[in-house]
Participant: 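Starting off with a structure, shown below.
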2 protein chains.
Amino acid sequence: MKVKASRAPLSRERVLVAAAALADAEGVQALTMRRLAAELGVEAMSLYYHLPGKESLLDGLVEHVLGEIGAAVSRLDATANGQDWRAQLRQRFLAAREVMLHHPWAPGLIGTRSAVPAGVYTYYDGILDTMLGAGFSYRIAHRALHAFGSLPLGFAQEVFSPTSAGGSLDAQTGEAEIAEMANHLPHLAAMVAAEIHNLADPTLGWCDSQTEFEFTLDLLLDGLERLRG
Amino acid sequence: MKVKASRAPLSRERVLVAAAALADAEGVQALTMRRLAAELGVEAMSLYYHLPGKESLLDGLVEHVLGEIGAAVSRLDATANGQDWRAQLRQRFLAAREVMLHHPWAPGLIGTRSAVPAGVYTYYDGILDTMLGAGFSYRIAHRALHAFGSLPLGFAQEVFSPTSAGGSLDAQTGEAEIAEMANHLPHLAAMVAAEIHNLADPTLGWCDSQTEFEFTLDLLLDGLERLRG
DNA sequence: ACCTGAACACCGTTCAAGT
DNA sequence: ACCTGAACACCGTTCAAGT
């Protein structure tokens, strides 16, 4: 894992790339200033020459992911014009999801930032462009942005087990546990029994499979379509 | 803030109550084992007699909040039977929101738990009871649970500024900043200008006002109603 | 300009020891 | 049964100092 041959001097960019790689490989909790420095073959204090501190490192990581999303979205824009507004937003959100699938630590990290990263504003401005062009009022467009929640960034922000050990209600749930569950949680037990095959794809968080993501997305898009001015 | 007169011996419950009070008063980042112990007039190591460790303390806090929601919801159930399924879920989610408004640290904390708290299962079983009674299939009911996201627990999980300093896009946004913004974010700037009055109620996170919450909720409920079997 | 050593003020946690 | 002191292995960060 340690790359000793790196004698190009450190830079903000190199630090961020190494940090993303470390988070991808070992999770965000392994991302400490000391550990990251060791990964770069350097002392922890050296990082402070390139970044003001740890918060700024995490902000940088978030912007890094947002940059990937921005790139993926603008690759889309070439072909997307003239389509239905729903199809345009749909493929943008799904492109963002592709990026997020490669950085499972990103959703959790985004939730901890105190300021809105700059890249988000430009991205949201693009969403508004599409919606206003389709005839939505500012009021509905504004509410739509809130209603979308985290979908524009490609993840359904599940309440529990954001990226970690995975709740007990997954595909591994055994027959015995379901039987025990049936006593005090009858409906949930019956639903798990009926839906057990849907739980086999733990990509981003608890049951956030592609199917669930698209269902929620279309539910919102279709609902908004009926409110279009 | 320090209560010295407490000579009743510590207990798990007293520790949790003190922890919730500390988080309410100074935020979750002030909640360290050492600080909490000091608040209880005791040494940090004493806490380990009542709790296995910090993670378990945080789990306990989450269950504490879920307990409040459960109590509020069962107070509702007496009067709610016989109503439309949407009205039933609606008042449950709004009751949960009341609880969350008193514990602004709870949404963020819930996001960091690795296992699904037990109280959630019973709560979700109740939601299923309502939906199945209204004629929904297991499949749609399952997808509905995912689509709801964090709404059942009373908060719209906004992507940024969960409970902290508040993004720059709030009611304090000045005329000059909006003018500057208009250059590269034309739609966003126009929307803020048109909607500035809606941004004055920072309750849970960025723009998560009662109005936004209910808009999203009804959008989902009405969308699901059309899929009812 | 770029990196480092030593030190500071914190963490959570273990463990043997006190009463 | 309940609490503590001392110690360990970590954090992020400052600052004066090295090259």
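Chain naming here is simple, since letters A, B, ... match the order of the sequence lines and numbering starts at 1 in each. Since we're looking at a predicted model, the values are computed, not measured.
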Participant: Kindly give the atom pairs (protein nitrogen or oxygen, nucleotide nitrogen or oxygen) under 3.5 Å for nucleotides 17-19 of chain D.
Facilitator:
none

Participant: Between A:Y123 (side chain only) and A:I69 (backbone N and O only), is there a donor and an acceptor less than 3.5 Å apart?
Facilitator: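 Such a contact is absent between A:Y123 side chain and A:I69 backbone.
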Participant: Considering only heavy atoms from C-beta outward, does the side chain of A:L22 approach that of A:W105 to under 4.5 Å?
Facilitator: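 Not in contact.
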Participant: Dump the pairs, protein N or O against N or O of nucleotides 5-12 of chain D, anything under 3.5 Å, distances to one decimal.
Facilitator:
from: D:dG12; atom 1: OP1; to: A:M33; atom 2: N; distance (Å): 3.3
from: D:dG12; atom 1: OP1; to: A:K54; atom 2: NZ; distance (Å): 2.9
from: D:dG12; atom 1: OP2; to: A:M33; atom 2: N; distance (Å): 3.1
from: D:dG12; atom 1: N7; to: A:R34; atom 2: NH1; distance (Å): 2.3
from: D:dG12; atom 1: O6; to: A:R34; atom 2: NH1; distance (Å): 3.2
from: D:dG12; atom 1: O6; to: A:R34; atom 2: NH2; distance (Å): 3.4

Participant: Please determine if a side-chain N or O atom of B:S46 lies less than 4.0 Å away from the OP1 or OP2 oxygen of D:dT4.
Facilitator: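 True: B:S46 side-chain N/O within range (under 4.0 Å) of D:dT4 OP1/OP2.
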Participant: Output all residues satisfying side-chain contact (heavy atoms from CB on, under 4.5 Å) with A:A21, sequence neighbours left out; order by chain, then residue number.
Facilitator: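 Partners of A:A21 under the side-chain contact (heavy atoms from CB on, under 4.5 Å) test: none.
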Participant: Distance check needed: D:dT4 P versus B:L40 CG, whole Å only.
Facilitator: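 From B:L40 CG to D:dT4 P: 11 Å.
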Participant: Given side-chain contact (heavy atoms from CB on, under 4.5 Å), test A:Y49 with A:V15 step by step and report yes or no.
Facilitator: CA-CA 11 Å; A:Y49 188 80; A:V15 171; over 6 Å; no
Participant: Distance check: side-chain N/O of B:Y49 vs OP1/OP2 of D:dC2, anything under 4.0 Å?
Facilitator: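 For B:Y49, the contact criterion (side-chain N or O under 4.0 Å from OP1 or OP2 of D:dC2) is met.
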Participant: When you measure from the side chain of A:Y121 to the backbone of B:L188, do you find a donor-acceptor pair of N or O atoms at a distance under 3.5 Å?
Facilitator: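 Not at all, since once roles are kept as given, no pair shorter than 3.5 Å links the two residues.
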Participant: Taking C-beta and beyond as the side chain, do A:V99 and A:L153 meet within less than 4.5 Å on heavy atoms?
Facilitator: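 Contact flag for A:V99/A:L153 side chains = no.
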Participant: Restricting to side-chain contact (heavy atoms from CB on, under 4.5 Å), what partner residues turn up for A:S74, sequence neighbours left out?
Facilitator: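 Expected list: none.
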Participant: Under the side-chain contact (heavy atoms from CB on, under 4.5 Å) rule, collect the residues that match up with A:H187, sequence neighbours excluded.
Facilitator: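 So A:H187 forms a side-chain contact (heavy atoms from CB on, under 4.5 Å) with B:D125, B:L128, B:D129, B:L132.
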Participant: So what's the dot-bracket for DNA chain C: Watson-Crick or G-U pairs under 3.5 Å, [ ] if a pair crosses, | if it pairs off-strand?
Facilitator: ||.|||||...|||||.||
Participant: Say whether, by atom type as modelled, one donor and one acceptor occur between the side chain of A:R97 and the main chain of A:F213 under 3.5 angstrom.
Facilitator: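 Judged by distance alone, no pair lies under 3.5 Å.
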Participant: Could you check how far CG of B:L47 sits from C1' of C:dC15, rounded to whole Å?
Facilitator: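 Between C1' of C:dC15 and CG of B:L47: 17 Å.
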Participant: Does B:H50 make a side-chain N or O approach to OP1 or OP2 of D:dC3 shorter than 4.0 Å?
Facilitator: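 Yes, such a contact exists.
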Participant: Walk me through it: do A:T130 and A:R92 pass the test side-chain contact (heavy atoms from CB on, under 4.5 Å)?
Facilitator: CA-CA 11 Å; A:T130 299; A:R92 259 181 257 182; 2.5 Å; yes
Participant: Report yes or no: do B:E68 and B:H102 form a side-chain donor-acceptor pair below 3.5 Å?
Facilitator: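 Their side chains do not contain a donor-acceptor pair, so the 3.5 Å distance test is not met.
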